[in-house]
Number of protein chains: 2
Amino acid sequence: MRIGELAARVGTTTRTLRYYESRGLLPARRDAQGHRTYDERDLTLLRQIRTLQDFGFDLEETRPFVECLRAGHPEGDSCPASLAVYRRKLDELDALIGELQAVRAQVGAQLVRAERARDELAADALVPGGPEPACELGGHER
Amino acid sequence: MRIGELAARVGTTTRTLRYYESRGLLPARRDAQGHRTYDERDLTLLRQIRTLQDFGFDLEETRPFVECLRAGHPEGDSCPASLAVYRRKLDELDALIGELQAVRAQVGAQLVRAERARDELAADALVPGGPEPACELGGHER
DNA sequence: GTAGGCGTTGACGTCGGCGTCAAGGCAAGG
DNA sequence: CCTTGCCTTGACGCCGACGTCAACGCCTAC
């Protein structure tokens, strides 16, 4: 199988495969014409890389998985180094999610505050007598 | 106030202020020496930018807030355009947090699965008689 | 012969938000 | 006079994961 076919089979581009090779992640054999040649094993390696990439793993973080497969293990995560990457990623994700949730809360609060301020200004404009600055003790209507 | 002092007062760098100016976000007056000159209003604008940046807003997304302040409003989020940015950001954050939680769940599941597979292999190695493939009906000990 | 379709290497572009020089100006202080 | 310290503009570097273009080679089909 040549580079175009492999790329098509995993839904990526030839440029990407050449890039992986330049990073030493997915080296290729060459045929008589100097064309890159891949087999079914490379397909497995590439699928592993792409799956992790889809999860947001850095390319370097996929390396232990690829080496694990290349070492003959049935799964890319059958090796301690891969598990370590999993755990590190989980920590990163937890930290990031926590930060984002904090930011979300802050921005949400800002929006509520700003909308309330806007509505109060609008209400003031509708009442020519001016806004009621505070609510005195006892009933305030009539 | 010149650029170095302003930068120090908000805890950023002169390079950053010049970058903001190049983006048209924070233009500066010039003194007789051609040095950039800022006043307290610029300090307010800059603090608004930095606050939003810390929340993860793109520089372009801070522009409505800055223009709102420059238009004389008391707060950067006193204008509809700013509120729209808030809402868009909340949607983005919700989407992103959701994606990250989904990824977290997937990676967590992978880790559990891989660890279990590893432990089973280890247990097999400890039992020379070989692993018990399945649990037949009835008690299985003694 | 030639056009199409595959492959090759090399090199520059992209995105955002700056960091980091390089080379120079101008003013105050010793 | 010279140093120190602030400022100026201009330009390249960085990060990751490729996209895109250029110029070329080889094989096959018409």
Side-chain angles (χ1 to χ4, degrees), chain A residues 1-39 42 45-66 85 88-89 92-93 96 103, chain B residues 1-39 42 45-66 85 88-89 92-93 96 99-100 103:
Chain A
M1 171 173 30
R2 290 187 304 177
I3 195 168
E5 185 183 345
L6 178 59
R9 284 180 70 176
V10 298
T12 185
T13 68
T14 61
R15 179 68 183 90
T16 296
L17 300 192
R18 278 188 272 260
Y19 177 65
Y20 291 170
E21 182 171 3
S22 80
R23 306 274 82 201
L25 205 57
L26 191 67
R29 272 70 55 197
R30 301 301 181 110
D31 66 13
Q33 282 73 43
H35 292 177
R36 289 172 179 79
T37 302
Y38 303 89
D39 56 22
D42 293 315
L45 300 184
L46 182 52
R47 281 210 245 259
Q48 173 75 82
I49 296 171
R50 290 267 98 190
T51 299
L52 295 174
Q53 286 268 88
D54 289 345
F55 281 164
F57 284 53
D58 294 344
L59 206 48
E60 273 312 305
E61 292 178 323
T62 73
R63 195 180 295 274
F65 295 80
V66 174
V85 173
R88 198 154 45 77
K89 208 63 186 178
E92 281 177 23
L93 283 168
L96 182 55
V103 167
Chain B
M1 166 174 34
R2 290 187 302 178
I3 195 169
E5 185 183 345
L6 179 59
R9 285 180 69 178
V10 298
T12 184
T13 67
T14 61
R15 178 69 184 91
T16 295
L17 301 192
R18 277 188 271 261
Y19 177 65
Y20 290 170
E21 182 172 1
S22 79
R23 306 273 83 202
L25 204 58
L26 190 68
R29 272 69 57 196
R30 301 301 180 110
D31 66 13
Q33 283 75 42
H35 292 177
R36 290 172 177 81
T37 304
Y38 303 90
D39 57 22
D42 293 315
L45 299 184
L46 182 52
R47 281 208 245 259
Q48 173 74 82
I49 296 171
R50 291 267 99 191
T51 299
L52 295 174
Q53 285 268 89
D54 289 345
F55 281 163
F57 284 53
D58 294 345
L59 207 47
E60 273 312 304
E61 293 177 322
T62 72
R63 196 180 293 273
F65 295 80
V66 174
V85 174
R88 198 155 44 76
K89 206 63 187 179
E92 282 177 22
L93 282 168
L96 182 56
E99 286 174 25
L100 290 177
V103 167

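Chain A is the first sequence line, chain B the second, and so forth, proteins listed ahead of strands; every chain is numbered from 1.
- Between the CE atom of A:Met1 and the C1' atom of C:dC6 there is a distance of 16 Å, rounded to whole Å.
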Contact state string [nucleotides 20-28 of chain D, B base, S sugar-phosphate only, - no protein heavy atom under 4.0 Å]: B------S-
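- For the pair B:Arg29 CZ and D:dC7 C1', the computed distance is 17 Å after rounding to whole Å.
- Looking only at side-chain heavy atoms (C-beta outward), B:Arg29 and B:Asp39 come within less than 4.5 Å of each other.
- A straight line from CG of B:Leu6 to P of D:dC6 spans 15 Å, rounded to a whole angstrom.
- Atom CZ in A:Arg63 sits about 14 Å away from atom C1' in D:dG16, given to the nearest Å.
- Remark: P of C:dC18 and CG of B:Leu59 are 7 Å apart, rounded to the nearest angstrom.
- Within residues 48-55 of chain A, the residues that place at least one heavy atom under 4.0 Å from DNA chain D are, in residue-number order, A:Arg50, A:Gln53.
- Looking at every heavy atom in both residues, A:Phe55 comes nearest to B:Val103 through O-CG1, 3.4 Å.
- Contact check for B:Leu52 versus B:Lys89: no side-chain heavy atoms found under the 4.5 Å cut-off.
- A donor-acceptor pair under 3.5 Å is absent between the side-chain atoms of B:Asp42 and the main chain of B:Leu45, judged by distance alone.
- Contacts of A:Arg15 classified as side-chain hydrogen bond (donor to acceptor under 3.5 Å, both in side chains), with partners at least two apart in sequence or in another chain: none.
- Residue B:Thr13 has no polar side-chain atom (N or O) positioned under 4.0 Å from OP1 or OP2 of C:dC18.
- Using a 4.0 Å cutoff on non-hydrogen atoms, the parts of residues 18-26 of chain A near DNA chain D are A:Tyr19, A:Tyr20, ordered by number.
- Listed by chain and number, the residues in a side chain to side chain contact (heavy atoms under 4.5 Å, CB included) with A:Asp31 are A:Arg2, A:Gln33, A:His35, A:Thr37 (sequence neighbours excluded).
- The nucleotide whose nearest atom lies closest to any side-chain atom of B:Arg2 is, among D:dC7, C:dG17, C:dG7, D:dC7.
- Exactly one residue among B:Leu46, B:Ile49, B:Leu17 makes a side chain to side chain contact (heavy atoms under 4.5 Å, CB included) with B:Leu25. That residue is B:Ile49.
- The backbone N or O of B:Thr51 sits nowhere less than 3.5 Å from a side-chain atom of B:Asp54 that would complete a donor-acceptor pair.
- The distance from atom CD1 of A:Ile3 to atom C1' of C:dT8 is 10 Å, rounded to the nearest whole Å.
- Proximity of A:Arg50 to A:Thr16: side-chain heavy atoms (C-beta onward) are separated by under 4.5 Å at one or more points.
- Comparing C:dT8, D:dC7, C:dC18 by their nearest atom to the side chain of B:Thr16 picks out C:dC18.
- Rounded to 10 degrees, the angle separating the terminal axes of the helix from C:dG1-D:dC30 to C:dG30-D:dC1 is 50°, with each axis obtained from five end pairs.
- A:Arg23 and A:Arg63 make their closest contact through O-NH2, 2.9 Å (heavy atoms, listed as atom of the first residue, atom of the second, distance).
- For the residue pair B:Gly4 and B:Thr14, the shortest heavy atom distance occurs at CA-CG2, 3.9 Å.
- For A:Arg36, a side-chain nitrogen or oxygen approaches OP1 or OP2 of C:dT8 to under 4.0 Å.
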